[in-house]
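Encoded as structure tokens, the structure appears first; notes follow it.
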Amino acid sequence: MAATRAISDSTAPLTIETSMPFTAHIVDPPSRDVATTPAELVAFFHDMSLMRRMEIAADSLYKAKLIRGFCHLYDGQEAVCAGMEAAITRKDSIITAYRDHCIFLSRGGDLVTAFAELMGRQVGCSRGKGGSMHFYKKDANFYGGHGIVGAQVPLGCGLAFAQKYRKEDTVSFSLYGDGAANQGQLFEALNISALWKLPAILVCENNHYGMGTAEWRAAKSPSYYKRGDYVPGLKVDGMDVLAVKQACKFAKEHAIANGPIVLEMDTYRYHGHSMSDPGSTYRTRDEISGVRQERDPIERVRKLLLAHDLATPAELKDMEKEIRKEVDAAIAKAKESPMPDASELFTNVYVKGFGVESFGADRKELRATLP
């Protein structure tokens with residue numbers, strides 16, 4: 001995504017120190033000094049603000065029953081996908097769990113397609129049949145959007161296998177939460193990735209609550225960046241977009257040359273686990289407001305822009321107003337798209353020519369066609 005208006009389009013280099021040092025496991029950490037530009041900082045502010053507004057709007061649409069089923073929001077965690085995208089190219093692959101809306105945007109997806117999918121409309125990125133948990137954008141190597149906890153990690157390592165087999169200088173990022181970090185399939189996939197030195201980067205988005213369970217109650221060792229044992233790891237301030245960018249750039253270079261690495265992004269979600277979770281029964285409102293005040297990723301970039309005289313408070317407010325209008329217009333446009341035709345129930349399930357009618361008057365005829 002590119003900012004719709006550039007307050008500062010300068011490409012003059014800036015060097016900014018990360019908010020916290022990186023913590024490394026069996027690898028030397030990258031430098032805390034991150035190279036950036038005024039234009040990139042403006043783009044970070046715009047893109048993360050757009051993501052935040054989209055998720056807030058999705059909250060309202062869900063409460064209005066225009067979004068049905070499960071819905072997991074990403075507000076608070078925007079720096080992870082924004083910083084990651086700044087460090088890689090669209091030739092690199094990303095696969096994630098069900099908190100996937102903002103990653104779709106960061107991979108070049110548009111708001112209309114996103115809201116249409118959330119509302120189950122034909123022009124959605126998965127033709128209205130995937131919903132919140134199954135966003136997808138193959139032309140940008142974004143492979144979803146997966147509802148089974150941890151199941152995307154072996155798939156991501158498979159993507160890395162394909163990249164190595166084809167001799168591409170690209171990597172695969174497999175994102176998962178702290179709630180999935182104890183899954184056996186994760187360790188199995190990591191083991192074979194290490195054996196074959198696949199360009200696989202496992203990214204634990206540690207928002208500290210797997211559903212409603214605090215990390216310390218679910219994991220004997222919540223130092224997820226060390227969980228790879230024989231695989232190097234790096235703990236990153238996932239609320240600092242520049243730290244995420246630096247870590248992902250480092251991880252890509254490492255993975256291409258040496259094989260897998262684990263990144264733990266120390267982040268935080270403001271909403272509950274899903275829309276059915278108020279998010280306040282297992283943590284205090286003071287805790288949530290404290291993170292907002294001290295670590296919010298958008299506010300950190302706002303402060304950088306103001307401190308370096310790259311924008312005024314009024315200019316940033318104007319940008320946020322334009323984003324609000326853009327989101328509202330996209331929702332209106334998405335609502336114009338019809339629901340999928342009933343015939344779509346049977347597409348993308350069976351091989352073409354099979355499964356059109358599963359029971360009823362045509363059942364004998366269908367059986368006769370089966371091999």
Side-chain angles (χ1 to χ4, degrees), residues 16-34 44 74 76-88 94 96-97 99 103 150 153 156-157 171-183 186-187 189-190 193-194 199-210 213-255 257-269 283 287 290-291 294-297 300-301:
I16 296 174
E17 187 178 66
T18 61
S19 55
M20 295 179 63
F22 300 103
T23 309
H25 169 64
I26 64 172
V27 69
D28 292 329
S31 170
R32 290 183 64 184
D33 295 328
V34 186
F44 281 147
Y74 202 71
Q77 299 184 206
E78 299 92 347
V80 176
C81 61
M84 181 182 300
E85 198 63 46
I88 63 177
I94 298 178
T96 190
R99 208 177 300 277
I103 300 172
V153 177
C157 293
V171 296
S172 174
F173 287 84
S174 301
L175 279 64
Y176 58 97
D178 51 292
N182 298 313
Q183 284 275 323
L186 188 153
F187 295 97
L190 186 59
S193 297
I201 301 170
L202 274 61
V203 182
C204 178
E205 293 186 278
N206 182 10
N207 59 31
H208 303 284
Y209 297 95
T213 305
E215 58 182 342
W216 59 268
R217 296 183 62 197
K220 180 64 178 175
S221 172
S223 296
Y224 299 108
Y225 69 104
K226 294 181 180 178
R227 286 290 197 88
D229 186 16
Y230 43 81
V231 173
L234 199 66
K235 185 173 182 179
V236 185
D237 183 356
M239 306 291 271
D240 180 347
V241 68
L242 290 173
V244 174
K245 173 191 167 184
Q246 187 82 330
C248 290
K249 179 176 179 289
F250 173 84
K252 178 176 177 176
E253 292 170 355
H254 173 92
N258 306 298
I261 185 170
V262 178
L263 300 180
E264 177 186 345
M265 300 292 178
D266 181 0
T267 186
Y268 199 84
R269 56 171 165 79
R283 56 183 183 175
E287 178 184 309
V291 174
E294 296 173 17
R295 300 183 64 210
D296 185 83
R300 281 178 164 179
V301 176

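Computation of the quantities below employed the complete heavy-atom set of this structure, encompassing side-chain atoms and omitting hydrogens, waters and symmetry-equivalent molecules.
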For residues D229 and H25, is any side-chain donor paired with an opposing acceptor at under 3.5 Å? no
Gap separating the CG atom of L234 from the CD1 atom of I26, nearest 0.5 angstrom: 12.0 Å
Has E253 got a side-chain atom pairing as donor or acceptor with A251's backbone, closer than 3.5 angstrom? no
Would you say C157 and L190 make side-chain contact, with heavy atoms under 4.5 Å? no
Can you see which heavy atom on A194 is nearest to which on V231, and at what distance? CB-CG2, 4.0 Å
In sequence, state the C-alpha distance, the side-chain angles, and the governing distance for E215 and N206, and then conclude on side chain to side chain contact (heavy atoms under 4.5 Å, CB included). CA-CA 9 Å; E215 58 182 342; N206 182 10; 2.9 Å; yes
Are D237 and T18 close enough that some pair of their side-chain heavy atoms sits under 4.5 Å apart? no
Taking D178 for its side chain and N207 for its backbone only, find out whether a donor-acceptor pair lies under 3.5 Å. yes
Hey, mind stepping through M20 and D240 against side chain to side chain contact (heavy atoms under 4.5 Å, CB included) and telling me if it holds? CA-CA 9 Å; M20 295 179 63; D240 180 347; over 6 Å; no
Heavy atoms only: give me the nearest V27-G233 pair and the separation to one decimal. CG1-O, 3.7 Å
In the structure I gave you, are the side-chain heavy atoms of I94 and E85 within less than 4.5 Å of one another anywhere? yes
For a 4.5 angstrom cut-off between non-hydrogen side-chain atoms, does S221 reach K226? no
To the nearest 0.5 Å, what is the distance between OG1 on T23 and CG on D266? 9.5 Å
Main-chain N/O of V34 paired to Q246 side chain as donor or acceptor, under 3.5 Å: no
Output the distance between atom CZ (R295) and atom OG (S19), rounded to the nearest 0.5 Å. 7.5 Å
Is a side-chain donor or acceptor of N182 paired with a backbone partner of A218 at a separation under 3.5 angstrom? yes
Using the ring of each side chain (for Trp, its six-membered ring), is Y268 parallel, tilted or perpendicular to Y209, with breaks at 30° and 60°? perpendicular
Before giving the answer on side chain to side chain contact (heavy atoms under 4.5 Å, CB included), spell out for R269 and R99 the whole-Å C-alpha distance, their side-chain angles and the decisive distance to 0.1 Å. CA-CA 10 Å; R269 56 171 165 79; R99 208 177 300 277; 3.9 Å; yes
I need the minimum non-hydrogen distance between F250 and P30, along with the two atoms involved. CD1-CB, 3.8 Å
Do R227 and L202 have side-chain heavy atoms sitting under 4.5 Å apart? no
Measuring only between side-chain heavy atoms, which start at C-beta, is L263 closer than 4.5 Å to C248? yes
Is there a side-chain contact between L175 and M84, using heavy atoms and a 4.5 Å cut-off? yes
A255 to V171 - nearest heavy-atom pair and separation: CB-CG1, 4.0 Å
For E205 and T96, which heavy atoms make the closest approach, and how far apart are they? OE1-OG1, 4.3 Å
Going by side chain to side chain contact (heavy atoms under 4.5 Å, CB included), K235 matches just one of Y224, F22, Y225. Which one? Y225
Rounded distance (nearest 0.5 Å) linking atom CD of E78 with atom OG1 of T267: 8.0 Å
Any chance you could measure F44, atom CZ, to K245, atom NZ, to the nearest 0.5 Å? 5.5 Å
State, with a plain yes or no, whether a side-chain heavy atom of P297 is found less than 4.5 Å away from one of V241. no
Heavy-atom pair of closest approach, residues A87 and K249: CB-N, 3.5 Å
